[in-house]
There are 2 protein chains.
Amino acid sequence: MDVSAIIVAAGQGSRIGGSLPKQFQDIGGKPVTAHSLLKFEACKAITEIVLIVSEGWLEFAVELARKYKIAKLSQVIIGGKERQDSVFKGLNALTAQPDIVAIHDAVRPFISIIKIEETVRAAQEFGGALVAVPVKDTIKAEKNGFVEKTLDRKVLWAVQTPQTFQFEILSEAYKNAYHKGIYSTDDSALVEMAGHPVKIIEGDYQNMKITVPSDFALAEKLIENN
Amino acid sequence: MDVSAIIVAAGQGSRIGGSLPKQFQDIGGKPVTAHSLLKFEACKAITEIVLIVSEGWLEFAVELARKYKIAKLSQVIIGGKERQDSVFKGLNALTAQPDIVAIHDAVRPFISIIKIEETVRAAQEFGGALVAVPVKDTIKAEKNGFVEKTLDRKVLWAVQTPQTFQFEILSEAYKNAYHKGIYSTDDSALVEMAGHPVKIIEGDYQNMKITVPSDFALAEKLIENN
């Protein structure tokens with residue numbers, strides 16, 4: 001079975017200080033994206049990795065992949081305007097049409113190899129799967145500045161990546177989205193809109209997204225404890 | 001206007017290692033609960049503070065309040081079985097019936113004084129108010145292990161504390177909840193059930209709840225940056 005991973009590292013990182021975008025800053029002495037790549041490299045279910053970066057970061061990324069010996073990397077490509085455009089470019093760049101494709105945000109370096117595998121198996125069985133964690137906060141829906149209702153937390157999941165799909169299903173969902181002019185940062189939403197089931201795989205809170213400077217402090221702590 | 005704050009520090013802290021429950025562990029060289037008490041002490045809108053602790057922590061808490069000179073503290077009381085029981089004991093213990101009561105979890109030491117004030121003003125105007133932040137994650141509702149739907153994130157808020165209400169409204173809502181056998185860790189939910197409006201005050205992500213050990217690393221970082 002051919003399973004391609006598309007690792008999206010195309011963010012500008014404008015919310016983080018410092019000269020490097022956040023996906024290329026170090027945690028535990030290694031760039032965030034290197035951590036993510038190494039997880040997919042080590043995951044037996046993954047047969048190919050495509051890395052997506054923004055303009056100007058191609059050489060940096062190629063050198064990073066060489067340094068960390070990412071043997072499954074087939075190509076590094078320049079992303080598009082929005083995340084959806086980047087993933088679509090990745091889908092179109094896949095060398096041979098794979099059976100399954102796993103989309104992962106490079107800024108989630110703590111993904112576990114087992115969870116990647118679980119999404120691949122579930123995508124094979126059901127068509128699509130994503131990693132998510134139960135919502136810890138009380139969530140309320142708002143209307144005109146007031147609480148409209150308190151949601152039933154028991155059925156709520158906070159979505160992470162990877163989000164993994166049969167290639168045909170994801171590819172059709174993307175074409176469908178562009179056809180209808182729909183943009184989303186959530187791959188699963190496009191697949192849901194196309195009417196396909198998406199399995200929820202319970203993940204770990206540790207699979208955090210590195211978004212703001214304080215996330216780096218927490219990430220360093222997680223690395224220490226690992 | 002009389003505005004009482006009920007600071008709930010009655011958790012057993014079983015999820016955190018170490019001998020002290022998490023609300024009494026230090027961040028920046030000061031117990032978590034001391035940070036919270038000092039915010040309400042410094043907030044001009046607050047006229048009285050009642051601190052709720054669990055059995056065995058009364059003397060510790062009294063000494064803590066003395067050390068940090070919490071002049072508005074009127075009493076330290078032992079909480080009940082559940083959080084709701086603790087808050088209800090706090091409500092019944094208030095020396096004079098106040099106009100407004102603000103409920104705050106001691107494990108949110110980064111609450112801003114301005115946000116406390118904003119909830120008091122909104123509670124005075126509308127009956128109830130709570131601090132919340134826009135949900136950052138994509139949230140999905142689950143059914144039988146699959147995604148049922150992707151929620152519209154634009155209207156979703158993650159609830160924090162303080163939650164602040166006119167005393168009469170909160171008191172009635174609590175009595176109503178006990179009458180109906182309803183338990184909730186969310187004061188606002190009880191007020192909503194009683195049919196009263198609750199205003200959403202946009203707060204800060206920094207007003208985090210200290211729940212797991214890694215939260216302390218993040219909290220220390222937040223203190224450094226303050």
Side-chain angles (χ1 to χ4, degrees), chain A residues 122 126-130 132-160 163 184-186 188-193 196-202 205-206 208-209 211-222 224-225, chain B residues 122 126-130 132-160 163 184-186 188-193 196-202 205-206 208-209 211-222 224-225:
Chain A
F126 304 112
L130 53 78
V133 287
V135 167
K136 281 193 283 194
D137 296 314
T138 297
I139 306 290
K140 296 186 191 271
E142 178 229 309
K143 194 173 178 183
N144 302 326
F146 288 84
V147 174
E148 190 193 17
K149 62 175 173 181
T150 301
L151 303 184
D152 178 12
R153 189 166 54 175
K154 289 193 297 294
V155 301
L156 298 184
W157 293 80
V159 171
Q160 303 176 339
Q163 300 197 354
S184 177
T185 55
D186 173 29
S188 177
L190 304 183
V191 170
E192 294 158 31
M193 278 174 213
H196 295 286
V198 179
K199 178 77 176 165
I200 295 173
I201 304 290
E202 180 163 0
Y205 291 103
Q206 195 172 277
M208 62 182 286
K209 192 170 185 175
T211 311
V212 293
S214 62
D215 293 337
F216 278 89
L218 183 54
E220 290 287 353
K221 193 78 187 173
L222 288 172
E224 274 173 41
N225 298 343
Chain B
F126 303 112
L130 53 79
V133 287
V135 167
K136 281 193 282 193
D137 296 314
T138 297
I139 306 290
K140 294 187 191 271
E142 178 229 309
K143 194 173 179 182
N144 302 325
F146 289 85
V147 173
E148 189 193 18
K149 61 174 174 181
T150 301
L151 304 183
D152 177 11
R153 188 166 53 176
K154 289 193 297 294
V155 301
L156 298 184
W157 293 81
V159 170
Q160 304 176 338
Q163 299 197 354
S184 176
T185 54
D186 174 28
S188 177
L190 305 183
V191 169
E192 294 158 30
M193 279 174 213
H196 295 286
V198 178
K199 178 77 177 165
I200 295 173
I201 304 291
E202 181 162 0
Y205 292 102
Q206 193 172 279
M208 62 181 287
K209 192 170 183 172
T211 310
V212 294
S214 63
D215 293 337
F216 278 89
L218 183 53
E220 291 286 353
K221 195 77 184 173
L222 287 173
E224 273 173 39
N225 298 342

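Naming: A, B, ... by sequence-line order, numbering from 1 per chain. Side chains included, hydrogens not; waters and symmetry mates left out as well; all remaining heavy atoms used.
- Residue contact with chain B, scored on non-hydrogen atoms closer than 4.5 Å, is absent for Tyr205(A).
- Taken to the nearest 0.5 Å, the CG atom of Leu190(B) stands 9.5 Å off from the OG1 atom of Thr150(A).
- Looking at Asp186(A) and Lys140(B), their side chains come closer than 4.5 Å, going by heavy atoms from C-beta outward.
- Chosen from Asp215(A), Val198(A), Ile201(A), the residue pairing most often with chain B at heavy-atom distances under 4.5 Å is Val198(A).
- When all heavy atoms of Glu192(B) and Lys149(A) are compared, the closest pair comes out as OE1-C, 4.4 Å.
- Side chains of Val159(A) and Asp137(B) form no contact here, defined as non-hydrogen atoms less than 4.5 Å apart.
- Expressed to the nearest 0.5 Å, how far NZ of Lys221(B) lies from NZ of Lys221(A) amounts to 12.0 Å.
- At a threshold of 4.5 Å between non-hydrogen side-chain atoms, the residues Leu156(A) and Leu151(B) count as touching.
- Two residues are said to be in side-chain contact when any heavy atoms from C-beta on lie closer than 4.5 Å; Lys209(A) and Lys136(B) fail this criterion.
- With a 4.5 Å cut-off on non-hydrogen atoms, Val147(A) touches chain B through its backbone and its side chain both.
- Taken to the nearest 0.5 Å, the CD1 atom of Ile139(B) stands 11.5 Å off from the CZ atom of Arg153(A).
- Residue Ala132(A): no heavy atom, backbone or side chain, is found under 4.5 Å from chain B.
- With values rounded to the nearest 0.5 angstrom, Leu130(A) atom CG is found 11.0 Å from Phe146(B) atom CZ.
- Scanning all heavy atoms of the two residues, the minimum distance from Lys199(B) to Gly145(A) falls at CD-O, 3.6 Å.
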